[in-house]
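Worksheet for the structure shown next.
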Amino acid sequence: MEDAQAYSISGAHLARVRRLCLALPGTSERLSHGEPTFFVHKKVFVMFANNHHNDGRVAVWLPAPPGAQAELLAAAPDRFFKPPYVGVRGWIGIELDPIDDAALAAHIDMAWTLIAPPRLRHARGV
């Protein structure tokens with residue numbers, strides 16, 4: 001029963017992340033490294049991570065502006081973490097349980113802005 005409940009919770013979080021990511025221009029979703037991953041054109045801007053290597057987290061990994069990773073980790077270590085592989089490039093991990101939709105949308109929007117090609121950013125007025 002616990003596995004079914006965990007699957008249901010992670011499925012709800014994935015639906016939330018999917019809705020926020022795919023609302024942005026030029027985005028698509030496909031599996032990458034076994035997890036749903038969101039692209040703007042051919043570049044990753046959000047990775048969904050469901051218990052990655054049994055870390056117990058349902059989270060997203062995404063790029064952050066320079067210096068933001070350290071600030072977020074210091075301000076809310078229960079919500080943010082340095083993800084494996086991409087954390088060395090300044091990306092942040094965000095636990096999905098404690099973050100509301102508005103805050104999550106702001107982080108996803110920033111990730112999109114950092115990765116999207118200039119013409120898409122310009123068309124969106126960013």
Side-chain angles (χ1 to χ4, degrees):
M1 185 64 145
E2 287 181 25
D3 287 344
Q5 185 179 19
Y7 180 78
S8 175
I9 291 168
S10 66
H13 283 306
L14 175 57
R16 180 166 79 129
V17 169
R18 184 176 281 138
R19 176 178 47 82
L20 295 170
C21 289
L22 296 179
L24 296 166
T27 61
S28 62
E29 174 187 351
R30 62 181 181 267
L31 286 179
S32 179
H33 300 88
E35 294 280 14
T37 303
F38 300 88
F39 295 79
V40 56
H41 284 260
K42 295 180 180 182
K43 293 185 176 184
V44 174
F45 77 104
V46 173
M47 299 172 71
F48 185 79
N50 183 15
N51 195 26
H52 182 76
H53 292 300
N54 296 313
D55 68 1
R57 295 180 168 126
V58 178
V60 290
W61 303 351
L62 44 78
Q69 182 192 64
E71 290 175 17
L72 292 169
L73 293 175
D78 59 321
R79 184 176 304 167
F80 301 104
F81 62 96
K82 186 175 180 177
Y85 319 115
V86 293
V88 297
R89 293 187 292 163
W91 284 42
I92 56 168
I94 303 174
E95 293 260 10
L96 293 173
D97 267 339
I99 193 165
D100 65 35
D101 279 1
L104 180 59
H107 287 288
I108 288 173
D109 189 73
M110 176 56 68
W112 182 92
T113 301
L114 291 168
I115 301 299
R119 68 176 176 77
L120 270 182
R121 289 194 316 264
H122 180 71
R124 192 166 177 234
V126 190

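Values below: all heavy atoms of this structure, side chains included; hydrogens, waters and symmetry mates excluded.
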How long is the span from the [atom1] atom in [X] to the [atom2] atom in [Y], to the nearest 0.5 Å?
X    : Y    : atom1 : atom2 : result
D109 : H107 : CG    : NE2   : 11.0 Å
L96  : L104 : CG    : CG    : 6.0 Å
E29  : L22  : CD    : CG    : 6.0 Å
H41  : I115 : NE2   : CD1   : 13.0 Å
S28  : K42  : OG    : NZ    : 11.0 Å
F39  : T27  : CZ    : OG1   : 11.5 Å

Ignoring hydrogens, what is the shortest heavy-atom contact between [X] and [Y]? Give both atom names and the distance.
X    : Y    : answer
W112 : L120 : CH2-O, 3.8 Å
A64  : I92  : CB-CG2, 4.1 Å
C21  : I108 : SG-CG2, 3.9 Å
H13  : D97  : NE2-OD1, 2.8 Å
P25  : V40  : O-CG2, 3.9 Å
P83  : G93  : CD-N, 3.4 Å

Self-check item: D78 vs E95, side chain to side chain contact (heavy atoms under 4.5 Å, CB included): CA-CA, chis, key distance, verdict
Solution: CA-CA 8 Å; D78 59 321; E95 293 260 10; over 6 Å; no
Taking side chain as C-beta onward, heavy atoms only, is [X] less than 4.5 Å from [Y]?
X   : Y   : result
V44 : W61 : no
L72 : R79 : no
I99 : R16 : yes
P36 : L14 : yes

Quiz item: What residue among V58, T37, L31 forms side chain to side chain contact (heavy atoms under 4.5 Å, CB included) with F48?
Solution: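 Among V58, T37, L31, the one meeting side chain to side chain contact (heavy atoms under 4.5 Å, CB included) with F48 is V58.
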Practice problem: May I ask you to decide if the ring planes of F38 and F45 are parallel, tilted or perpendicular, using 30° and 60° as cut-offs? | Solution: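 Geometry flag for F45 against F38: perpendicular rings.
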Quiz item: If only atom types and distance count, is the side chain of Q69 paired as donor or acceptor with the main-chain N or O of G87 below 3.5 Å?
Solution: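 Checked: pair present.
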Quiz item: Going through the distances and angles, do Y85 and H52 end up as a side chain to side chain contact (heavy atoms under 4.5 Å, CB included)?
Solution: CA-CA 12 Å; Y85 319 115; H52 182 76; 3.3 Å; yes
Self-check item: Residue list, salt bridge (charged side-chain N to carboxylate O under 4.0 Å, His left out) with E35, at least two apart or on another chain
Solution: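 Not a single residue meets the salt bridge (charged side-chain N to carboxylate O under 4.0 Å, His left out) criterion with E35.
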Self-check item: Connected via hydrophobic side-chain network under 4.5 Å: L73 and V86
Solution: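 No, it is not one cluster - the side chains of L73 and V86 are not joined through contacts under 4.5 Å.
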Quiz prompt | Common cluster, M47/F80, ILVMFWY with side-chain heavy-atom separation under 4.5 Å | solution =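 Different clusters.
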Quiz item: Where do R124 and L24 land on the side chain to side chain contact (heavy atoms under 4.5 Å, CB included) test, with the steps shown first?
Solution: CA-CA 9 Å; R124 192 166 177 234; L24 296 166; 3.4 Å; yes
Quiz prompt | side chain to side chain contact (heavy atoms under 4.5 Å, CB included) evaluation trace for V46 with V17 | solution = CA-CA 9 Å; V46 173; V17 169; 4.2 Å; yes
